[in-house]
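The analysis underlying the following values was restricted to heavy atoms, covering all of them including side chains, and did not include hydrogens, waters or symmetry mates.
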Amino acid sequence: MVGAVLLVLFGVVGSAIPVPYVAEVPGPTYNTLGDIDGTPIITVQGRERNDVHGNLNLTTVGVSRAGLSLVEAVRGWFDDEVTVVPEEAVYPPDQTEKETQQQNRQAFLTSEEAAESAALSQLGYPDKVVVQGLSDGSPSQGQLQEGDAIEAVNGQPTPDTDALDAVLESIPGGTAIQVAYTRLGQPGTASITTTAATARGGSMLGVLVRETPSAPFDVDIEVQDVGGPSAGLMLTLGILDLVGDTDLTDGAVIAGTGTIDPTGTVGPIGGIQLKMVAAHDIGAKVFLVPAGNCAEALQAPQPGLPMAKVATLDDALAALADVRAGRTAPSC
């Protein structure tokens with residue numbers, strides 16, 4: 001009787017006592033070849049998307065609010081599909097939850113850029129100086145736009161950012177110049193009156209640029225409410241499937257995870273075991289595992305879910321070729 005009373009008391013008190021832990025669970029998966037609520041995850045402007053029918057699903061981890069109750073934490077510790085971790089591992093103590101979410105969102109947006117660069121480089125498109133955006137009050141407003149590749153200024157080629165900087169430094173602010181560019185594969189010329197540079201001598205165009213592969217089409221990625229860089233690999237594969245020459249899935253459901261950099265290197269991520277649960281639940285034919293996560297993945301394999309070990313984009317493409325051919329891809 002006393003034990004029963006204590007158990008009830010623990011439940012009542014424990015449900016009200018917050019502890020410095022959060023729960024992580026398998027999150028939703030998103031087919032990078034499909035859409036979310038009618039909005040395509042990957043859109044292509046300037047050419048038709050390939051007609052593909054398989055799945056290349058990125059996987060996510062759901063995270064609870066900070067401060068689980070004691071009872072919730074205890075339940076999580078005994079649930080194979082819940083990971084209970086210290087609060088500071090997810091929400092750093094020197095940041096608010098909103099700041100952490102914003103940081104994670106920025107990491108996702110950065111992974112989008114890396115995915116596009118890696119995919120277009122894999123397809124053989126050359127690096128150029130590409131406009132990423134315009135500053136407020138930019139003299140290039142209405143002349144240049146995001147995605148334009150700057151080819152030359154006043155006839156002087158600008159194959160990289162160093163060359164562009166050198167040309168602009170030689171031109172006084174307030175000078176009318178001609179900027180040759182390529183937009184969606186078509187050449188154009190913009191007439192721009194520069195403004196004086198503030199951090200150096202010469203002129204500036206008022207544009208943010210970076211060296212990245214430039215294609216005669218534009219790729220845009222739209223995934224809301226997902227943070228972190230771990231979708232990079234699957235976004236890259238999605239782009240390649242939609243604009244490349246190979247049907248990567250042959251109609252199969254493929255899932256995976258991993259960061260990617262513009263050179264195609266795949267990096268490890270968090271929550272690998274929970275993402276494998278999500279992949280198993282959607283019936284994935286194979287799960288692409290970053291090489292750096294293999295040891296952790298092997299601790300909790302999912303029945304009927306083969307793992308393919310990938311350290312690079314080339315590894316991932318080779319693994320998908322194996323799956324299409326009915327071969328077993330190199331595993332962890």
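- With hydrogens and angles disregarded, a donor-acceptor distance shorter than 3.5 Å links the side chain of Ser170 to the backbone of Val167.
- Going from atom OG1 of Thr236 over to atom CD1 of Ile260 covers 3.5 Å, rounded to the nearest 0.5 Å.
- With respect to Gln143, the side chain to side chain contact (heavy atoms under 4.5 Å, CB included) criterion is satisfied by exactly one of Val207, Leu205, Ile192: Ile192.
- The backbone N or O of Pro93 lies less than 3.5 Å from no partner atom in the side chain of Gln95, so there is not a single donor-acceptor pair.
- Annotation for Ala279 and Leu305: closest pair CB-CD2, 4.0 Å, computed over non-hydrogen atoms.
- Between Leu33 and Gly54, the shortest heavy-atom distance links the atoms CD1-O, 3.5 Å.
- With hydrogens and angles ignored, the 3.5 Å screen pairs a side-chain donor or acceptor of Asp261 with a backbone N or O of Thr263.
- At distances below 3.5 Å, not a single donor-acceptor pair connects side-chain atoms of Arg200 with backbone N or O atoms of Asp165.
- Contact annotation: the side chain of Asn50 never approaches that of Asp241 to less than 4.5 Å [non-hydrogen atoms, C-beta and beyond].
- Counting heavy-atom neighbours within 6.0 Å of Asp245 CG, excluding the residue itself, gives a total of 12 or less.
- The shortest distance between side-chain heavy atoms of Val61 and Val25 does not fall below 4.5 Å.
- Taking 4.5 Å as the limit, every side-chain heavy atom of Tyr30 sits out of range of all side-chain heavy atoms of Asn57.
- Note: Asn293 CG to Ile272 CD1 = 4.5 Å, rounded to the nearest 0.5 Å.
- Using a distance-only test at 3.5 Å, with no hydrogens or angles considered, no donor-acceptor pair links the side chain of Glu169 to the main chain of Ser203.
- In the hydrophobic clustering of ILVMFWY residues, with side-chain heavy atoms under 4.5 Å counting as a link, Ile221 and Leu313 come out together.
- Counting only heavy atoms from C-beta outward, the side chains of Leu288 and Thr257 never approach each other to under 4.5 Å.
- Counting heavy atoms from C-beta outward, Pro139 and Thr194 have side chains that stay 4.5 Å or more apart.
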Hey, mind stepping through Gln45 and Asp220 against side-chain contact (heavy atoms from CB on, under 4.5 Å) and telling me if it holds? CA-CA 8 Å; Gln45 181 186 3; Asp220 186 58; over 6 Å; no
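- For the pair Asp218/Glu146, no side-chain contact is recorded, criterion being any heavy-atom separation below 4.5 Å from C-beta on.
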Begin with the C-alpha distance, continue with both residues' side-chain angles, and end with the deciding distance and a verdict on side-chain contact (heavy atoms from CB on, under 4.5 Å) for Ser331 and Lys309. CA-CA 5 Å; Ser331 186; Lys309 175 183 177 181; 5.8 Å; no
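- Between the CD atom in Glu48 and the CZ atom in Phe217 there is a gap of 12.5 Å [rounded to 0.5 Å].
- Defined by atom type and a distance below 3.5 Å, a donor-acceptor pair is missing between the side-chain atoms of Gln178 and Thr189.
- Residues Ala149 and Ser214 share a closest heavy-atom pair of CB-OG, 3.7 Å.
- When only modelled atom types and interatomic distance are considered, Glu151 and Thr182 share a side-chain donor-acceptor pair under 3.5 Å.
- Atom-to-atom distance recorded for Glu211:CD and Ser117:OG is 11.0 Å, nearest 0.5 angstrom.
- Side-chain contact check for Lys275 and Ser230: at least one donor-acceptor pair (N or O, by modelled atom type) lies under 3.5 Å.
- Remark: side-chain polar atoms of Asp315 are paired, donor with acceptor, to backbone N or O of Ala311 under 3.5 angstrom.
- Checked against Leu120 for a side chain to side chain contact (heavy atoms under 4.5 Å, CB included), the options Pro262, Pro126, Pro213 give a single hit: Pro213.
- In this structure the side chain of Met307 reaches within 4.5 angstrom of the side chain of Met276, judged on heavy atoms.
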Begin with the C-alpha distance, continue with both residues' side-chain angles, and end with the deciding distance and a verdict on side-chain hydrogen bond (donor to acceptor under 3.5 Å, both in side chains) for Thr39 and Glu222. CA-CA 8 Å; Thr39 300; Glu222 184 68 26; over 6 Å; no
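- At least one donor-acceptor pair under 3.5 Å links the side chain of Thr59 to the backbone N or O of Gly256.
- A single hydrophobic cluster is seen to contain both Val310 and Leu235, as judged by linkage of ILVMFWY side chains at heavy-atom distances under 4.5 Å, directly or through other members.
- Looking at Asp247 and Thr249, their side chains come closer than 4.5 Å, going by heavy atoms from C-beta outward.
- Residues Leu274 and Leu58 do not share a hydrophobic cluster, defined by chaining ILVMFWY side chains whose heavy atoms lie under 4.5 Å apart.
- For the side chain to side chain contact (heavy atoms under 4.5 Å, CB included) with Leu248, the lone residue among Leu317, Ile254, Val323 that qualifies is Leu317.
- Heavy atoms only, all atoms of each residue included: Pro268 and Pro290 are closest at CA-CB, 3.9 Å.
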Determine, step by step, whether Arg210 and Glu113 satisfy the side-chain contact (heavy atoms from CB on, under 4.5 Å) criterion, reporting the C-alpha distance in whole Å, the side-chain angles of both residues, the deciding distance to 0.1 Å, and the verdict. CA-CA 11 Å; Arg210 71 185 179 104; Glu113 293 181 352; 3.4 Å; yes
Report the C-alpha separation of Arg49 and Val243 in whole Å, then their side-chain angles, then the decisive distance to 0.1 Å, and conclude whether the side-chain contact (heavy atoms from CB on, under 4.5 Å) test is met. CA-CA 6 Å; Arg49 293 182 5 151; Val243 301; 5.9 Å; no
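- Considering OG1 of Thr43 and CG of Asp35, their distance stands at 12.0 Å, rounded to 0.5 Å.
- The two atoms that bring Thr60 and Val226 nearest to each other are CG2-CG1, 4.4 Å, heavy atoms only.
- Between Asp94 and Glu99, the closest heavy-atom pair is O-OE1, 4.3 Å.
- Residues Ile36 and Met234 share a single hydrophobic cluster, defined by chaining ILVMFWY side chains whose heavy atoms lie under 4.5 Å apart.
- A donor-acceptor contact shorter than 3.5 Å is absent between the side chain of Thr175 and the backbone of Ile171.
- With hydrogens and angles left out, the side-chain atoms of Thr312 and Thr265 include no donor and acceptor closer than 3.5 Å.
- Leu184 and Val130 fall into different hydrophobic clusters, where Ile, Leu, Val, Met, Phe, Trp and Tyr are joined by side-chain heavy atoms under 4.5 Å apart, directly or via other members.
- In this structure a side-chain-to-backbone donor-acceptor pair under 3.5 Å is present from Thr32 to Leu56.
- Electrostatic pairing of Arg324 and Asp250 does not count as a salt bridge here, judged by no charged N lying under 4.0 Å from a carboxylate O.
- Not one N or O on the side chain of His280 forms a donor-acceptor pair closer than 3.5 Å with the backbone of Gly304.
- Residue Cys332 holds its SG atom at 9.5 Å from CZ of Phe287, rounded to the nearest 0.5 Å.
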